[in-house]
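Just below is one structure, and these are the notes that go with it.
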Amino acid sequence: MKFVDEFRDSDLIKKTAEEIRRLAGTTRHYRFMEVCGGHTHAIYRFGLKDILPENIELIHGPGCPVCVLPMGRIDDGLALAADDHVIFAAFGDMMRVPGTHGSPLEYKARGTDVRIVYSPSDALKLARINPDRHVMFFAIGFETTAPSTALTIMRARAEGIHNFSVFCNHVTIIPAIRAILDSPDMRLDAFIGPGHVSTVIGCRPYEWIAKDERKPIVVSGFEPLDILQAIVMILRQMRAGEAKVENQYKRVVPWEGNRAALRAMGEVFQLRPYFEWRGLGFISQSALRIRDLYAEWDAEQRFQVPGVRVTDPKAAQCGEVLKGVLKPVQCKLFGKECTPEHPLGALMVSSEGSCAAYFNYEHRKAMATSLSRSA
Amino acid sequence: MCLAIPGKIVNFAEDGRLATVEVVGVRRKVDLGLLQEDMPKLNDWVLIHVGFAMSKISEADALEQMRTLALLGESAQAMQEVRGYGLEEE
């Protein structure tokens with residue numbers, strides 16, 4: 001692990017790694033899923049794989065909102081932006097994500113009014129200062145981000161701002177975990193729970209994973225020591241024959257979550273009957289739509305949305321990688337047709353997607369090594 | 001996507017809805033709407049996500065969070081995001 005000596009707690013990290021080795025033993029294989037894309041990024045960035053014993057395999061989960069967004073939704077959003085009257089506002093993360101006819105950035109180059117915003121409230125501000133235009137905010141994100149969109153919509157209503165709408169693509173993490181657990185080829189032993197999502201939803205929504213599915217889940221922070229400690233907590237549970245929800249990230253995550261944030265989400269959003277996830281297909285009650293009370297600020301209720309559906313290339317095996325059946329490198333397209341520069345599948349789209357993370361760290365490292373050997 | 005950036009509250013706007021935070025010397029306004037049940041005080045630290053303060057944290061944890069962002073190679077991205085918040089002129 002290249003960074004290990006740079007960390008404040010490098011001794012503790014080494015001790016924790018030893019404890020993991022001791023607890024894991026050598027007689028069985030473990031498969032843990034880190035749900036959150038931020039964890040995936042951290043695991044590769046810190047080279048955590050290099051200090052974990054070989055019999056602990058980390059499977060990278062569905063918690064990257066950019067990755068799981070179906071291409072059809074991007075096409076739909078950009079179709080609405082074709083009207084000269086419309087300003088298309090989105091987070092920077094969305095700008096390079098390909099739609100069928102190009103990314104938002106490529107649309108901008110062709111003359112569509114595309115703006116990067118860093119906050120939904122900045123999109124609302126765009127509407128305030130451009131009263132003769134309509135600002136459509138392309139909202140993405142899990143429960144971490146959805147409350148901010150909700151408050152922004154409430155504010156638009158309270159202030160009577162009518163030239164503003166939200167194209168809502170907010171998704172919820174629990175149904176995605178359920179879909180993965182329900183899959184017949186699922187082979188996971190435990191979960192590393194998402195950090196920032198849990199600041200909003202708290203730890204209770206995970207209880208069914210422990211109780212009904214008998215899988216440990218430990219909500220974790222993003223430092224190397226956090227993730228290693230979460231793995232120790234999981235292994236201890238498994239050793240004791242237990243399955244519990246535990247919170248390693250207590251310094252940030254309250255057990256009950258953030259009630260003000262949950263209330264704002266409940267006020268503005270309701271569950272969609274189903275929503276499509278790239279790589280996982282349709283999952284029931286897995287996404288949020290805007291309630292009728294706020295219909296005026298809902299781009300989907302206000303405008304005619306084409307409802308584009310784009311199927312992922314058949315050869316892309318994103319679903320199998322998401323469920324941990326295949327490693328990124330085992331997909332037929334990995335590093336060939338599908339790269340971070342030209343992503344074909346969901347998990348190559350964002351740096352937090354497991355294939356892109358794997359490509360950027362492991363694959364490039366392996367290529368560099370083989371090049372220097374052959375030189 | 002899911003950056004959480006620590007900032008210190010250095011000033012409250014009159015209506016109490018916004019506060020000025022300082023993140024590594026950069027001052028920007030953030031929205032306090034998600035902390036209505038547990039409002040921060042002056043000099044408290046908060047974690048900021050997409051322009052909204054999401055949770056209060058201790059100073060030690062704030063500094064640790066900054067270090068995490070640096071380790072993850074996301075400091076520059078975080079500062080770009082903070083500089084990008086446009087609520088200043090309201």
Side-chain angles (χ1 to χ4, degrees), chain A residues 3 6-8 36-38 41-42 45-46 63-67 91-94 116-123 125-126 128-129 140-142 144-145 147-152 154-155 194-197 199-200 221-224 226 251-254 258-264 350-352, chain B residues 1-6 15 17-18 23 26 28-40 45-90:
Chain A
F3 291 109
E6 297 170 26
F7 295 130
R8 179 178 45 115
C36 165
H41 179 67
R45 175 91 192 169
F46 300 142
C64 162
V66 176
C67 304
F91 294 141
D93 307 67
M94 276 309 304
I116 295 179
V117 290
Y118 292 92
S119 170
S121 54
D122 286 340
K125 185 186 163 193
L126 273 179
R128 261 188 226 114
I129 58 180
I140 57 163
F142 284 93
T144 325
T145 319
S148 305
T149 304
L151 273 190
T152 303
M154 286 163 73
R155 206 144 284 154
H196 295 138
V197 160
T199 62
V200 172
F222 296 87
E223 285 215 25
D226 291 328
R251 60 186 194 270
V252 171
V253 173
N258 179 332
R259 281 195 302 184
L262 291 169
R263 212 172 36 232
S350 149
S351 63
E352 292 186 355
Chain B
M1 169 67 213
C2 299
L3 281 179
I5 308 162
D15 64 356
R17 188 169 70 76
L18 302 177
V23 184
V26 176
R28 282 291 181 277
K29 291 224 170 75
V30 296
D31 198 305
L32 298 177
L34 300 176
L35 291 182
Q36 290 305 315
E37 293 203 356
D38 188 20
M39 283 295 268
W45 288 81
V46 290
L47 273 187
I48 308 154
H49 174 65
V50 298
F52 288 72
M54 306 177 61
S55 48
K56 293 202 290 191
I57 50 170
S58 71
E59 180 165 11
D61 292 338
L63 298 176
E64 195 176 306
Q65 182 73 10
M66 256 350 268
R67 203 169 35 242
T68 307
L69 289 173
L71 290 172
L72 284 168
E74 287 178 344
S75 295
Q77 202 186 333
M79 292 315 293
Q80 189 189 4
E81 172 163 335
V82 170
R83 287 203 181 86
Y85 296 153
L87 289 171
E88 202 66 348
E89 310 88 65
E90 286 191 64

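Note: hydrogens, waters and symmetry copies are ignored here, and every other heavy atom, side chains too, is used. Numbers restart at 1 for each chain; the letters A, B, ... are given by sequence-line order, proteins then strands.
Not a single donor-acceptor pair under 3.5 Å links the side chain of A:Asn258 to the backbone N or O of B:Ser55.
No side-chain heavy atom of A:Tyr118 sits less than 4.5 Å from a side-chain heavy atom of B:Val82. Using a 4.5 Å cut-off on side-chain heavy atoms (C-beta onward), A:Ser121 and B:Phe52 make contact.
Between A:Thr145 and B:His49, the side chains place a donor N or O and an acceptor N or O closer than 3.5 Å (distance only, hydrogens not considered).
Ranked by heavy-atom pairs under 4.5 Å with chain B, the list A:Arg155, A:Met154, A:Arg259 is led by A:Arg155.
Considering CG of B:Leu71 and CD of A:Glu223, their distance stands at 6.0 Å, rounded to 0.5 Å. Note that OG1 of B:Thr68 is 12.5 Å distant from CZ of A:Arg45, once rounded to the nearest 0.5 Å. Here A:Thr199 contributes atom OG1 and B:Leu34 contributes atom CG; the two are 9.5 Å apart, rounded to the nearest 0.5 Å. Here the CE-NE2 distance, from B:Met54 to A:His196, works out to 7.0 Å after rounding to the nearest 0.5 Å. Here the straight-line distance linking atom CZ of B:Arg17 with atom CG of A:Leu151 works out to 9.5 Å at 0.5 Å rounding.
Contact annotation for B:Gln80: both backbone and side-chain heavy atoms come within less than 4.5 Å of a heavy atom of chain A. Contacts of A:Ser148 with chain B are made by both backbone and side-chain atoms, with heavy-atom separations under 4.5 Å. If you measure heavy-atom distances from A:Val117 to chain B, you find no contacts under 4.5 Å at all.
What you find for B:Gln36 and A:Ala260 is that their closest heavy atoms are N-CB, 4.3 Å.
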